[in-house]
Protein chains: 2
Amino acid sequence: MIKVLLAEDQGMMRGALALLLDLEEDMQVVAQVAAGDQIVAAALDARPDIALLDIELPGRSGLDAAADLREQLPSCKVLIVTTFGRPGYLRRAMEAGASGFLVKDGPVEDLAAAIRRVLAGERVIDPGLAAAALSAGPNPLTQRERDVLTAAVDGATVADIAGKLHLSQATVRNYLSSAIGKTGTRNRMEAVRAARQNGWL
Amino acid sequence: MIKVLLAEDQGMMRGALALLLDLEEDMQVVAQVAAGDQIVAAALDARPDIALLDIELPGRSGLDAAADLREQLPSCKVLIVTTFGRPGYLRRAMEAGASGFLVKDGPVEDLAAAIRRVLAGERVIDPGLAAAALSAGPNPLTQRERDVLTAAVDGATVADIAGKLHLSQATVRNYLSSAIGKTGTRNRMEAVRAARQNGWL
DNA sequence: GCGGACCGATGACATTTGTCAGGGGGGGAT
DNA sequence: ATCCCCCCCTGACAAATGTCATCGGTCCGC
């Protein structure tokens, strides 16, 4: 019997997937969590064979949790199941030790199939997405550039960001400027968009 | 037997919900579509008793489709099922003639229950959300202000917007300024965020 | 030990953005 | 007929943003 942990914040999605997997003869959902910071604890408690992790979760990113999970419970495989097939996400997932990366766009049947393939030792990755991740190259942004961009997402002014990060306003503008340069965009809003698009935040 | 139409762009979600509803003894999913501009045609073909519509769909908004559907197939009830419980969305859904408004956050069991309640003639709306919609008041933005804000979502400059909307740059800045004023924000990025948050775009 | 990358900062500059006070024209309500 | 709101425009001004050159400090790899 394959024991599955399910981490997904949208209640309806989580419930539907759990129901669906429980219908499979050889699978059983042994834990369900809605927040990223509950994943490791729940896994240590329920000892699943595989963890299905969403990336954008409240509390903690599914990618961060994946890295910890691999370390603290190596017997548990990780399959990332996400809405957004962003190159940077795939890259980070692989670096975190995930065995598979599935986008929620595809048919439901893919899910159970992917679980079985992962447990058979395969790596499950959409070929087109893998190509995109490789062609996009690694994240060109430095830590601080990422910090400043993330702080700028919902319209914060330079003064706001400087305050939040304890930096000089001029420094913030420099980081923004270089982030804009590296993303090949024209202003911070485009830079934020481009960085998110690539999964660089 | 309750005949259901399902409009949802995310393949996995759509498949899971369809499976789940088909498990109900008295329900049957008679049509599934992934794009907003296929809803009416599919409904006219399959003659469902109720249509489950997501709002943010490719091609056409589920809200727009709902209005058409109510007109062309009045026997078919509409239940909006969406990720975002935004006040403006709820308001528009009601104006479009929807019988219910469900957010995807809740448990799956709510879905079948909501369908039955709608078909029994009830209106299904989250009470908290209804209160929020009323307290938020109607959309304060004029048509042009909405146009300009939507054109500004992903970092377009004033010149870009002016070009796209065939307006003078000064006019664009005036609309932006008044939108910023009405939303009580400090710059266009915050204004866009606030407007989206409220479902005003 | 030295080059290179990152962090943090300053000052100056050009450009963009946001605000304000207008004005003309249209259409809908009282 | 008048008022009010929306549309579109102008011009001017202040503030915020983006760019550039430059500096000192740390840490890592060769």
Side-chain angles (χ1 to χ4, degrees), chain A residues 88 91-92 95 136-201, chain B residues 88 91-92 95 136-201:
Chain A
R91 181 178 294 263
R92 282 200 274 159
E95 285 166 5
N139 189 338
L141 301 175
T142 80
Q143 181 60 46
R144 269 331 210 182
E145 286 160 358
R146 281 196 300 272
D147 292 344
V148 169
L149 272 192
T150 355
V153 281
D154 30 45
T157 79
V158 170
D160 294 341
I161 305 174
K164 195 182 307 181
L165 269 54
H166 307 293
L167 288 177
S168 140
Q169 299 203 11
T171 304
V172 170
R173 289 198 286 159
N174 285 337
Y175 284 132
L176 279 173
S177 182
S178 77
I180 292 170
K182 286 184 181 176
T183 49
T185 50
R186 293 174 302 169
N187 54 50
R188 73 178 72 179
M189 217 158 159
E190 281 191 357
V192 164
R193 183 175 176 72
R196 291 179 53 123
Q197 190 75 29
N198 284 301
W200 289 340
L201 296 187
Chain B
R91 182 177 292 264
R92 283 199 273 160
E95 286 167 5
N139 189 339
L141 301 174
T142 87
Q143 182 59 46
R144 267 336 209 178
E145 287 159 356
R146 281 196 300 274
D147 292 344
V148 169
L149 272 193
T150 1
V153 280
D154 29 47
T157 77
V158 170
D160 294 342
I161 306 174
K164 196 183 305 181
L165 269 56
H166 307 292
L167 290 177
S168 137
Q169 299 204 9
T171 304
V172 169
R173 289 197 286 160
N174 284 338
Y175 284 133
L176 278 174
S177 182
S178 78
I180 291 169
K182 287 182 181 176
T183 50
T185 50
R186 294 175 300 168
N187 53 51
R188 76 179 67 176
M189 217 159 157
E190 281 191 0
V192 164
R193 185 177 174 70
R196 291 181 51 124
Q197 190 76 29
N198 283 302
W200 288 340
L201 296 187

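To find a chain, count down the sequence lines: A is the first, B the second, and so on, and within it residues start at 1.
- Among residues two or more places apart in sequence or in another chain, the salt bridge (charged side-chain N to carboxylate O under 4.0 Å, His left out) test is passed with B:Arg91 by none.
- With DNA chain D read from its 5' end, the first of the two nearest nucleotides for B:Arg144 and A:Ile180 is the one closest to B:Arg144.
- Taking both residues in full, the closest heavy atoms of A:Arg144 and A:Leu165 are given as NH2-O, 4.0 Å, listed atom of the first, atom of the second, then distance.
- Listed for the A:Asn198 side chain is no donor-acceptor partner under 3.5 Å among the backbone atoms of A:Gly88.
- Nearest heavy atoms, A:Arg186 versus B:Gly155: NH2-O, 4.3 Å.
- Annotation: salt bridge (charged side-chain N to carboxylate O under 4.0 Å, His left out) contacts of B:Arg196 (sequence neighbours excluded): none.
- As rounded to whole Å, 14 Å separates atom C1' of D:dA16 from atom CE of B:Met189.
- The side chain of B:Ser177 approaches C:dT19 more closely than any other nucleotide in the set C:dT19, D:dC8, D:dT19.
- B:Arg173 has its CZ atom 13 Å from the P atom of D:dC13, to the nearest Å.
- Minimum atom distance to the side chain of B:Thr171 is reached by D:dC8, of the listed C:dA9, D:dC8, C:dC7.
- Both B:Ala170 and A:Ala170 lie near DNA chain C, and the one whose nearest nucleotide falls closer to the 5' end is A:Ala170.
- Contact check, A:Arg188 against D:dT17: a side-chain N or O comes under 4.0 Å of OP1 or OP2.
- Judged purely by atom type and a 3.5 angstrom limit, A:Arg146 uses its side chain to pair as donor or acceptor with the backbone of A:Leu141.
- In this structure, NZ of B:Lys182 is placed 14 Å from P of C:dT19, rounded to the nearest angstrom.
- For A:Asn187, whose side chain is taken as the heavy atoms from C-beta onward, the closest listed nucleotide among D:dC8, D:dG18, C:dC7 is D:dG18.
- The base of D:dT10 lies close enough to the side chain of B:Asn174 for a donor and an acceptor atom to sit less than 3.5 Å apart.
- A donor atom on one side chain and an acceptor atom on the other are not found under 3.5 Å apart for B:Thr183 and B:Glu190.
- For the pair A:Gln143 CD and C:dA5 C1', the computed distance is 14 Å after rounding to whole Å.
- The side chain of B:Tyr175 contributes an N or O atom lying less than 4.0 Å from OP1 or OP2 of D:dC8.
- The interatomic distance linking B:His166 (NE2) with D:dC8 (P) rounds to 12 Å, in whole Å.
- One interatomic measurement links the two molecules: CD1 of B:Ile161 to C1' of C:dT16, which rounds to 12 Å at whole-angstrom precision.
- Comparing B:Pro140 and B:Gln169 along DNA chain D, the residue whose closest nucleotide (by nearest heavy atom) sits nearer the 5' end is B:Pro140.
- The nearest whole Å value for the distance from the CG atom in B:Leu176 to the P atom in D:dC9 is 14 Å.
- A:Glu145 places its CD atom 9 Å from the C1' atom of C:dC6, with the value rounded to the nearest Å.
- Rotation axes derived from the C1' atoms of the five outermost pairs at either end of the helix from C:dG1-D:dC30 to C:dT30-D:dA1 lie 40° apart, to the nearest 10°.
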